[in-house]
Amino acid sequence: MSNTDSTAQPTTWTGPRKRWVPIVVLIGVAIAAAGLTWLLTTIFAHQQESKQPFTQVVNIDDKTYDPAIWGRNFPLQYDGYMATANTPEEDLVKHEPTADGDPRLFVTHSKLEIYPRLVNMWQGYAFAVDYREPQGHHYMLEDQMWTRRMTEFKQPGACLNCHASLPEVVDSLGNGDQAAGWAEMNKLPYAEAVQHAKGPIACIDCHDPETMALRVTRPAFIEGIKEYMAGQGVANYDVNNDASTQDMRTYVCAQCHVEYYFAGDAKTLTFPWDKGLTAYDAIDYYDEIGWTDFTHTQTGSEVLKAQHPDFETWSQGIHAANGVTCADCHMAYERDGAAKISNHDVASPMRSEDTINASCLTCHHSTATEMKDRVETIHDRWYEAQDISFAAFDDLVRDLTEAVETGSATDEQIALSRDYQRRASFLIDYTISENSRGFHAPAYAISILNQATDWSRKGQLVLVGVDVEASGGPVSSASPTPTR
């Protein structure tokens with residue numbers, strides 16, 4: 001049959017089936033309309049969710065100390081907060097409850113076993129008896145209450161600043177006058193002050209109950225950051241009014257993760273920040289006020305004990321320089337519908353691929369495996385530098401102890417060697433007590449370990465009559481040569 005034959009059958013679109021075309025079009029339009037309606041409805045619902053990120057079930061105020069009550073309004077955040085109780089099994093060792101009331105069935109590994117040379121460094125101080133790896137916030141009060149540093153040594157109530165929910169403690173001790181309660185807590189013996197502590201850090205410690213805005217509740221930080229900012233040319237700095245929201249995402253953590261000491265007979269918890277935030281600034285501050293934590297029982301040196309200067313160390317690193325806060329890494333944002341919340345399971349972002357992705361990979365164009373390898377490399381380098389520093393420090397303690405016992409060095413040589421011990425000890429302690437194993441500021445952490453090695457070796461040379469000042473003296477300190 002010819003292709004031009006007039007009797008050829010009509011096609012689908014021009015013949016008998018053309019009546020299906022409008023039906024198909026109608027169905028397509030209906031599907032498109034339904035999809036558009038769903039999209040607009042979802043967008044509207046998410047807009048409403050973002051405007052009202054939580055459902056208020058209960059009223060909370062400045063006397064709502066129990067985090068479980070806050071959790072009724074903020075269940076996702078509360079679930080994260082409660083997850084700080086989940087310590088990985090490999091981080092725990094079995095513990096027998098004791099006759100004096102310690103109920104713990106598990107504790108973390110002893111740092112004195114991991115770093116046995118710490119015992120030598122802290123001879124004469126409570127930390128030489130018991131010092132363990134930290135756990136999550138859930139255990140911060142319990143672990144402090146039952147450490148041998150508390151049960152076998154007299155400690156001030158000021159220690160509660162970093163280990164309890166503070167508003168409830170100071171309200172209780174001050175009958176509602178928090179300033180009076182703060183002063184009373186500091187000077188009370190720990191065993192008495194802790195009776196007013198009901199639990200670890202809670203929602204009320206970091207959030208305004210009316211607005212949920214971040215806030216600082218620790219008087220020591222309020223005063224400490226004011227003194228530091230004054231040194232930077234900013235007078236009368238009020239952190240709760242003057243700090244940005246981004247700044248507060250670090251400052252609420254820095255209330256506790258810092259270096260401090262107990263000033264005067266009142267044992268007022270104080271941050272040594274008048275001169276700046278470096279370890280050398282702290283040494284200069286302590287030298288100026290004549291502060292000593294303890295006397296080393298073997299050498300007679302007046303020793304400084306570092307606490308946990310995470311904030312100060314972070315401030316010297318590249319993340320701080322680029323505006324990355326504590327919360328950005330340790331409380332990374334999560335999505336629940338349109339709502340964006342912070343993960344309140346405060347822990348290392350290295351704990352899983354998901355947490356690495358939520359924190360590190362929001363900025364770094366890499367993979368979770370590559371990021372973990374980079375962090376482990378930083379840790380390994382820090383361990384190597386730390387080992388060298390410890391070896392030099394042990395040699396200094398050995399030589400200085402011998403010189404004290406035998407009289408083989410002059411009084412002036414022993415005094416100068418002791419001051420080198422004071423400084424080297426503080427630097428090693430500073431980076432070990434800081435919990436990132438060098439990560440928060442890698443170059444800075446290595447540099448202060450190197451400085452500790454240098455000061456330890458100079459302390460040895462002094463004992464045999466070498467004029468270390470002629471060789472240039474210590475470096476990287478505002479006070480280049482010990483003078484105390």
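Worth knowing before you read on, the calculation uses all heavy atoms, side chains too, and leaves out hydrogens, waters and symmetry mates.
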Got a sec, which residues hit ring-ring contact (aromatic ring centres under 6.0 Å, His included) with H319, two or more places apart in sequence or on another chain?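 Once residues adjacent in sequence are excluded, the partners of H319 under the ring-ring contact (aromatic ring centres under 6.0 Å, His included) criterion are F439.
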Identify whether NZ of Lys or CZ of Arg in R149 sits under 6.0 Å from the centre of the six-membered ring of F127 and within 45° of that ring's axis.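 Output yes; distance and angle both within limits.
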Under 6.0 Å from the six-membered ring centre of W455 and within 45° of its axis: does the NZ or CZ of R423 meet both?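 Checked: cation-pi criterion met.
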Going by the rule salt bridge (charged side-chain N to carboxylate O under 4.0 Å, His left out), which residues pair with R374 if we only count those two or more places apart in sequence or in a different chain?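 By the salt bridge (charged side-chain N to carboxylate O under 4.0 Å, His left out) rule, R374 matches no residue at all.
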Output all residues satisfying salt bridge (charged side-chain N to carboxylate O under 4.0 Å, His left out) with D238, sequence neighbours left out; order by chain, then residue number.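 Result, salt bridge (charged side-chain N to carboxylate O under 4.0 Å, His left out) vs D238: none returned.
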Interatomic distance, [X] atom [atom1] to [Y] atom [atom2] [nearest 0.5 angstrom]:
{"X": "K340", "Y": "Y333", "atom1": "NZ", "atom2": "OH", "value": "5.0 Å"}
{"X": "L173", "Y": "M185", "atom1": "CG", "atom2": "CE", "value": "8.0 Å"}
{"X": "T64", "Y": "I60", "atom1": "OG1", "atom2": "CD1", "value": "6.0 Å"}

Do M331 and S359 have side-chain heavy atoms sitting under 4.5 Å apart?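 Heavy-atom side-chain distance check fails, nothing below 4.5 Å.
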Do the side chains of Q307 and V258 get nearer than 4.5 Å, heavy atoms only?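 They are not in contact (no side-chain heavy atoms under 4.5 Å apart), so the answer is no.
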Verify the ring-centre separation between W122 and F294: is it less than 6.0 angstrom?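 No; W122 has its ring centre 6.0 Å or more from that of F294.
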Taking W291 as the fixed residue, which of F426, Y261, Y285 is the one that meets the ring pair (Phe, Tyr, Trp, His ring centres under 6.0 Å) rule?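 Of the listed options, the one satisfying the test is Y261.
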Below 4.0 angstrom, N of the basic side chain to O of the carboxylate: do [X] and [Y] qualify?
{"X": "D143", "Y": "R132", "answer": "no"}
{"X": "K458", "Y": "D395", "answer": "no"}
{"X": "K372", "Y": "E353", "answer": "no"}

Apply the test salt bridge (Lys or Arg N to Asp or Glu O under 4.0 Å) to residues K187 and D265: give CA-CA distance (whole Å), side-chain angles for both, the deciding distance (0.1 Å), then the verdict. CA-CA 8 Å; K187 66 184 180 182; D265 293 336; over 6 Å; no
With sequence neighbours left out, write down each residue that passes side-chain contact (heavy atoms from CB on, under 4.5 Å) with A85, or none if nothing qualifies.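 Partners of A85 under the side-chain contact (heavy atoms from CB on, under 4.5 Å) test: H138, Y139.
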Minimum heavy-atom separation for A445 and G438, please, with both atom names.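 Nearest pair, atom of A445 first, then G438: CB-CA, 3.8 Å.
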Just checking, any donor-acceptor pair under 3.5 angstrom between side chains of W382 and T431?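 Yes, a side-chain donor-acceptor pair sits under 3.5 Å.
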All N/O donor-acceptor pairs, side-chain side in residues 112-120, below 3.5 Å, sequence neighbours left out:
from	atom 1	to	atom 2	distance (Å)
R117	NH2	D387	OD1	2.5
N120	ND2	D394	OD1	3.1

Would you say that more than 12 heavy atoms from the other residues, nucleotides or ligands in this model lie under 6.0 Å from the [atom1] of [X], or not?
{"X": "N322", "atom1": "CG", "answer": "yes"}
{"X": "R381", "atom1": "CZ", "answer": "no"}
{"X": "E210", "atom1": "CD", "answer": "no"}

Pick out which of D293, D287, T299 makes a side-chain hydrogen bond (donor to acceptor under 3.5 Å, both in side chains) with R422.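 By the side-chain hydrogen bond (donor to acceptor under 3.5 Å, both in side chains) criterion, R422 pairs with just one of D293, D287, T299: D287.
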Using the rule given for side chain to side chain donor-acceptor pair (under 3.5 Å), can you reason through T278 versus D281, listing the C-alpha separation, both sets of side-chain angles and the distance that settles it, and then say yes or no? CA-CA 5 Å; T278 72; D281 293 327; 3.0 Å; yes
Inter- and intrachain pairs under ring-ring contact (aromatic ring centres under 6.0 Å, His included), touching residues 206-245, at least two apart: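 Sorted result for residues 206-245: F221-Y251, F221-W273.
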Give the ring-plane orientation class for Y260 versus F262, where under 30° counts as parallel, over 60° as perpendicular and anything between as tilted.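 Rings of Y260 and F262: tilted, 30 to 60°.
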Determine, step by step, whether T147 and M150 satisfy the side chain to side chain contact (heavy atoms under 4.5 Å, CB included) criterion, reporting the C-alpha distance in whole Å, the side-chain angles of both residues, the deciding distance to 0.1 Å, and the verdict. CA-CA 6 Å; T147 175; M150 291 298 173; 3.7 Å; yes
